[in-house]
S.K.: 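One structure is given below, represented as structure tokens, and several questions about it will come after.
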Amino acid sequence: MVKRKIVLAYSGGLDTSVAIPWLAEKYDAQVVTVTVDVGQGRDLEAIRQKALQTGAVRAVVVDGRETFVREFVWPALQAGAIYEEQYPLATALSRPLLARYLVEAALQEEAWAVAHGCTGKGNDQVRFDVGVQALTPHLRVIAPAREWGMSRDEEKTYAQKRGIPIPQEQGRHTYSVDENLWGRAIEGEDLEDPWREPPEDAYAWTVPVHKAPAEPTYLEIEFQEGVPRALNGEELSGVALINQLNSLAGEQGVGRIDHLENRLVGIKSREVYEAPAGVVLHAAHRALETLTLGKEQQRLRALFAQQYADLVYNGLWYSAFREDLDAFVRSTQRFVSGTVRVRLHKGSCTVVGRRSPYSLYQFGLATYGKGDQFDHMAAEGFIKIYGLPVRIQSQTQQKKV
Ligand code: ARG
């Protein structure tokens, strides 16, 4: 009899490596692995080989970088989606894309189930499970790390017994890290004490401020309808633009985030992130919106940004609600085109200039100097009507002196 198949989202780390033989044994199944390149900067061919050596019958690697940027990162940037005003959602945005590749492979392989390496304490399990359910309601989702009840050390023993190479631990700490081109998430070890400053070895993309150069870096970022298109006058693909910004801003120590976060499963956790490109692009994008959106549009957009961030964080990417929010966001971005100049220096990112063909800023109205076109006398009548209800209420109810 042919064995049933399980398609596993495979990172090459300890959990997902142990999951290969564990799934094969527990479910008497063949395991096919899928590894998606979202810019995590790993040797994916080595990861593919490791999957095969560990017992996978097939190991697939897909380059998801352009799709990740175009379909997930840019819409979230346009929406201004930053979770709890701190976290640009790198991990959270990648999960629905991984779920999609997982489902595609499962359909192709005629698999019975898909699997992922998430534990039962995090947000990622929710994002995977809900994502898969939304895309293919009939597929089963298995999360071995939620079921097997092994401690980290027991996992290592399990791996040793089956000849699975255990990742060499570098440096003093073994953090739990998730990376893609939109950012890096670091958890565990000393970071679990919220009073403790993150040790320097938690960071990999950004330098500490004291090692940043004495001179600032100036950048010009050009946007078209809310999407970054060029850096310092050079048109770039989304992936290239984000990669360049990550290194330019990282060298200036920009992009470190230390966040005490509310997880969906009710836990508060201390999360450290590096998102140099994310921090710069959100600041620049917001600056361009202040120039090109009307006041009420800006106010409403801020409310929607929070909704959008919560939705992404909470694993509801494949929902009608997201499509509705996207429709609103797309409409707001029609005139968010132009250029923003930022200064990066010693860990700070400051917007120092902005311009747009659709700018709502009018020099003649704003200036206090020569060329003032504002009708000062009209202000008097405006204030008379504007203040009318306050005046009446004050006279009749508050009896001010
Ligand atoms: N707290 C973040 C989130 O839920 C990041 C989780 C990343 N995972 C990790 N193993 N560091 O999106």
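All ligand and atom numbering here is 1-based and tracks the order in the structure. All values derive from a computational prediction rather than experimental measurement.
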S.K.: Name the closest protein heavy atom to atom 11 (N) of ligand 1, giving the residue it belongs to and the distance to 0.1 Å.
M.R.: Ser176 O, 3.2 Å

S.K.: Suppose I only count heavy atoms of Tyr273 and a 4.0 Å limit; which atoms of ligand 1 are within that range?
M.R.: 1 (N), 2 (C), 5 (C)

S.K.: Give me the nearest non-hydrogen protein atom to atom 6 (C) of ligand 1 as residue plus atom name, then the distance to 0.1 Å.
M.R.: Glu187 OE2, 3.5 Å

S.K.: Answer with yes or no after comparing the ring centroid distance for Tyr158 and Trp148 against a 6.0 Å cut-off, counting only values under it.
M.R.: no

S.K.: Tell me whether the NZ or CZ atom of Arg263 lies within the 45° cone about the ring axis of Tyr313 and under 6.0 Å from its centre.
M.R.: no

S.K.: Can you establish whether the number of heavy atoms outside Tyr361 located under 6.0 Å from its atom OH is more than 12?
M.R.: yes

S.K.: Verify the neighbour count for atom CZ of Arg58: are there more than 12 heavy atoms of other residues, nucleotides or ligands below 6.0 Å?
M.R.: no

S.K.: Which of the atoms of ligand 1 are close to Arg127, meaning less than 4.0 Å from one of its heavy atoms?
M.R.: 3 (C), 4 (O), 12 (O)

S.K.: I need the atoms of ligand 1 closer than 4.0 Å to a non-hydrogen atom of Ala185, numbered in the order shown.
M.R.: 5 (C), 7 (C), 11 (N)

S.K.: Indicate every side-chain donor-acceptor pair of residues 85-94 with a distance under 3.5 Å to a residue at least two apart or in another chain.
M.R.:
residue : atom : partner : partner atom : Å
Tyr87   : OH   : Thr91   : N            : 3.2
Tyr87   : OH   : Ala92   : N            : 3.4
Thr91   : OG1  : Asp178  : OD2          : 2.7
Ser94   : OG   : Thr91   : O            : 2.8

S.K.: At what distance is the nearest protein heavy atom to atom 12 (O) of ligand 1, and which residue and atom is it?
M.R.: Tyr87 OH, 2.6 Å

S.K.: Under 4.0 Å from ligand 1, counting heavy atoms only, is it the side chain of Arg263, its backbone, both or neither?
M.R.: neither

S.K.: Should Phe382 and Tyr386 be marked as a ring-ring contact (aromatic ring centres under 6.0 Å, His included) after you check the CA-CA gap, both sets of side-chain angles, and the distance that decides it?
M.R.: CA-CA 6 Å; Phe382 164 72; Tyr386 174 73; 5.5 Å; yes

S.K.: Of all the atoms in ligand 1, which lie at a distance below 4.0 Å from a heavy atom belonging to Glu271?
M.R.: 1 (N), 2 (C), 5 (C)

S.K.: Can you confirm, on distance only, whether ligand 1 has an N/O atom lying under 3.5 Å from any N/O atom belonging to Thr91?
M.R.: no

S.K.: Atoms of ligand 1 less than 4.0 Å from Asp178 heavy atoms?
M.R.: 7 (C), 8 (N), 9 (C), 11 (N)

S.K.: Does CD belonging to Glu200 count more than 12 external heavy atoms closer than 6.0 Å?
M.R.: yes

S.K.: Check ligand 1 against Asn123 and write out every atom of the ligand that is under 4.0 Å from a heavy-atom position of the residue.
M.R.: 3 (C), 4 (O)

S.K.: How long is the straight-line distance from CZ of Arg270 back to CH2 of Trp195, given to the nearest 0.5 Å?
M.R.: 11.0 Å

